[in-house]
Structures are given as C-alpha cells and as structure tokens.
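Beneath this line is the structure, given in structure tokens, with notes to follow.
We use all heavy atoms of the structure for the numbers below, so side chains are in, but hydrogens, waters and symmetry mates are not.
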Amino acid sequence: MRQFKIIVEKHPDGYVAYPLGLKGVVVGQGDTYEEALSDVKSAIRFHIETFGKEVLEV
C-alpha cells in the first residue's frame, strides 16, 4: 500500500488527522492521538476503495 504523510493536530476537545496527497476531503478524529490516527487510516482506505486510484495525487 502507498504511504501518506498524515498531519495530526491537537485541539482542546481532541485530535484531528488528515493525509496529504489525496484528492478530496479525508479527515479522522479521536480523543487520543492513536484514535485519530486509526480513524484517518480507515478513512483513507474507504476513500480509495470508494473513488478509486484517481484520487491519488501524482
């Protein structure tokens, strides 16, 4: 599987994570860093399965 750089931001009410290098909006969130990272990884898989490889930026 292709690797993506994932940005994880800490906010007062939890964490938000999003990947770089995908077309479209893909976001994960969680109460902990690990939860947000897991959520965004699941969202990336779903996004690629749903919209196909054309969402990958070259």
Side-chain angles (χ1 to χ4, degrees):
M1 182 174 188
R2 183 175 171 174
Q3 292 184 352
F4 296 95
K5 184 177 280 190
I6 297 174
I7 307 299
V8 181
E9 299 177 347
K10 183 170 178 14
H11 292 266
D13 56 343
Y15 291 82
V16 174
Y18 54 91
L20 301 178
L22 280 177
K23 295 176 186 172
V25 178
V26 180
V27 178
Q29 64 88 30
D31 292 329
T32 66
Y33 178 94
E34 292 78 15
E35 287 177 2
L37 194 56
S38 176
D39 194 42
V40 78
K41 286 179 181 180
S42 175
I44 291 168
R45 283 190 295 275
F46 177 78
H47 191 69
I48 294 172
E49 288 171 4
T50 302
F51 298 107
K53 300 228 183 253
E54 52 272 357
V55 299
L56 302 173
E57 292 183 354
V58 239

Enclosure of K53 NZ (heavy-atom neighbours >12, cutoff 6.0 Å):
no
Has the side chain of D39 got a donor or acceptor atom that lies under 3.5 Å from a matching backbone atom of Q29?
yes
Check for me, please, whether L56 and F51 land in the same ILVMFWY cluster - side-chain distances under 4.5 Å, paths through other members count.
yes
Give me the atom names and distance for the closest heavy-atom approach of H47 to K23.
NE2-O, 2.8 Å
Could you check V55, I48, I44 and say which one makes a side chain to side chain contact (heavy atoms under 4.5 Å, CB included) with V26?
I44
Validation row: L22, F4 side chains within 4.5 angstrom (heavy atoms):
yes
Looking only at heavy atoms, what is the nearest atom pair of V40 and V27, with distance?
CG2-C, 4.2 Å
Shortest non-hydrogen contact between I6 and A17, atoms and distance
CG2-CB, 4.1 Å
When rounded to the nearest 0.5 Å, the distance separating CG of L37 from CD of E35 is 11.0 Å
Decide yes or no for V8 and V16: does some side-chain heavy atom of the first lie under 4.5 Å from some side-chain heavy atom of the second?
no
Main-chain N/O of F46 paired with T50 side-chain donor or acceptor, under 3.5 Å
yes
Modelled atom types, side-chain donor and acceptor of H11 and E9, under 3.5 Å
yes
